[in-house]
There are 2 protein chains.
Amino acid sequence: MAGPGRPRSFDRAAALERAMRVFWERGYETTSMTDLTTAMGINSPSLYAAFGCKEQLFREAVALYDATEGGPVTRALTEAPTARDAVEAVLRHNACAFTQEDKPRGCMIVLAATHCAEANTEVRDHLARWRCVGMRELAQRLDRGVREGDLPAGVDTSAVASYYTAVIQGMSVQARDGASHATLTKIVDRAMAAWDAVVTVH
Amino acid sequence: MAGPGRPRSFDRAAALERAMRVFWERGYETTSMTDLTTAMGINSPSLYAAFGCKEQLFREAVALYDATEGGPVTRALTEAPTARDAVEAVLRHNACAFTQEDKPRGCMIVLAATHCAEANTEVRDHLARWRCVGMRELAQRLDRGVREGDLPAGVDTSAVASYYTAVIQGMSVQARDGASHATLTKIVDRAMAAWDAVVTVH
DNA sequence: TGGTTTCTGTGCTGAGCGATACAGAAATGG
DNA sequence: CCATTTCTGTATCGCTCAGCACAGAAACCA
């Protein structure tokens, strides 16, 4: 593992985790390299040597976020026995995840780059693609529900996915605005009470 | 009206309208003073003389946004005969408003300051307060529905307001990501199909 | 041991940020 | 007319941004 040259004096994975926290908390554009180096406990050249540039570091941070915070969601989606159970598990998990005491509130993928500088539209598009993937995963789980018979044939699964994705995105905004776990749970209760009506529109 | 001194050589209201567009499109932090002066067609000192500073200009822009874009929403809320009609009118109006060809997509109040620099937390809080007001207006309209009998007594109106607010906020995110009017309408269709279930949770 | 390689910390770079100093221009009041 | 006031354009200000040059330090290999 160790080739020639002076070995890195910091834990790359731990530093990335700290960077993820900062980006999650403060967003891409409004996080400065100084914020990052301070949080990561390293100097600027070490950061550039290990991660390339701010944008590459952000992409790695997003990937880490998806793996750690998004992992349980994906798992809940696939492991639940029915489409309804899957959606409910995702929503209730997010109601908890978005209001954890020791973590930034809401979803990083929804909140971290709603806008960006003209030169960095790539960053916004990158997150938009992740959002799109999340919605598609949800739609595919609904499709599976149709195939397995727990959802009626003819359901507009992509429309239902858009709807529940909108609820989740709104929960992110409200979580960031300080909404409590109880409030998010009330939103989830209503979104799930709506299930039968939502899947049988037209 | 005209006192002593050289008269202003530009239309203050028109310049403010242009500034609102830019802030709506690009957000608070990611809009530079150069972006603003260019769009407004004036030089920096004229901007500062007329509007104070970037933050004051933003607040005026938000107030203008609320008056122009938010006005129809507030009107729909009060003029609709029932709470259900009111909520549906707001949602359908927003499905259109968020996808207009010649305007930035989504709601400025939801999108323009999800994050800000450490020194400008006031700006974020300012918009968060506007979001909170919108949700409260919705809750008050639901309360009126209870008083007028078109909603059953005992409805958790603030929970229902949180739920529909979440849907609207999610619609803003998806509109900004490029969702079509048709897609937003499908979300609205489902959110409204859910009405009976949503207002009778527990 | 010395040569090579890679990382580290100091200190800097050009560019862009929000905000102004200043002098001249254009209005009013006397 | 001239004094006063306020706006306008030019030309910056000090500061922070993302990113890097460079020299020294710490590992490897021969």
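Model, not experiment: these values are computed from the prediction. Within every chain, numbering begins at 1; the chains are lettered A, B, ... in the order of the sequence lines, protein sequences first and strands thereafter.
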Does OP1 or OP2 of [N] have a side-chain N or O of [X] closer than 4.0 Å?
{"X": "B:Ser46", "N": "D:dT8", "answer": "yes"}
{"X": "B:Ser9", "N": "D:dT8", "answer": "yes"}
{"X": "A:Tyr48", "N": "D:dC20", "answer": "no"}

Pairing residues for B:Phe98 by the ring-ring contact (aromatic ring centres under 6.0 Å, His included) criterion, not counting sequence neighbours: none
Is it the case that B:Thr165 and B:Ser162 place a side-chain donor and acceptor less than 3.5 Å from each other? no
B:Gly5 vs A:Pro4, nearer the 5' end of DNA chain D by closest nucleotide: B:Gly5
Pick the closest DNA chain C nucleotide for A:Ala49 and for A:Ser44 by heavy atoms, then say which residue is nearer the 5' end. A:Ala49
Check whether any side-chain heavy atom of B:Arg92 sits under 4.5 Å from a side-chain heavy atom of B:Asp189, and report yes or no. yes
Starting at OG1 of A:Thr114, measure out to CG of B:Leu111 and round the result to the nearest 0.5 Å. 6.5 Å
Roughly how far, to the nearest 0.5 Å, is the CE atom of A:Met192 from the OG1 atom of A:Thr185? 13.0 Å
What I want to check is whether an N or O donor and acceptor connect the side chain of A:Thr34 with the base of D:dC17 at under 3.5 Å. no
Within 45° cone of B:Tyr28 ring axis and under 6.0 Å: B:Lys54 NZ or CZ: yes
The correct set of residues in residues 14-33 of chain B placing a heavy atom under 4.0 Å from DNA chain C is B:Thr31, B:Ser32, B:Met33
Considering only heavy side-chain atoms of B:Phe10, the closest of D:dT8, D:dG19, C:dG9 is D:dT8
Categorize B:Pro7 for me: base, sugar-phosphate, or nothing, with a 4.0 angstrom heavy-atom threshold over every strand shown. sugar-phosphate
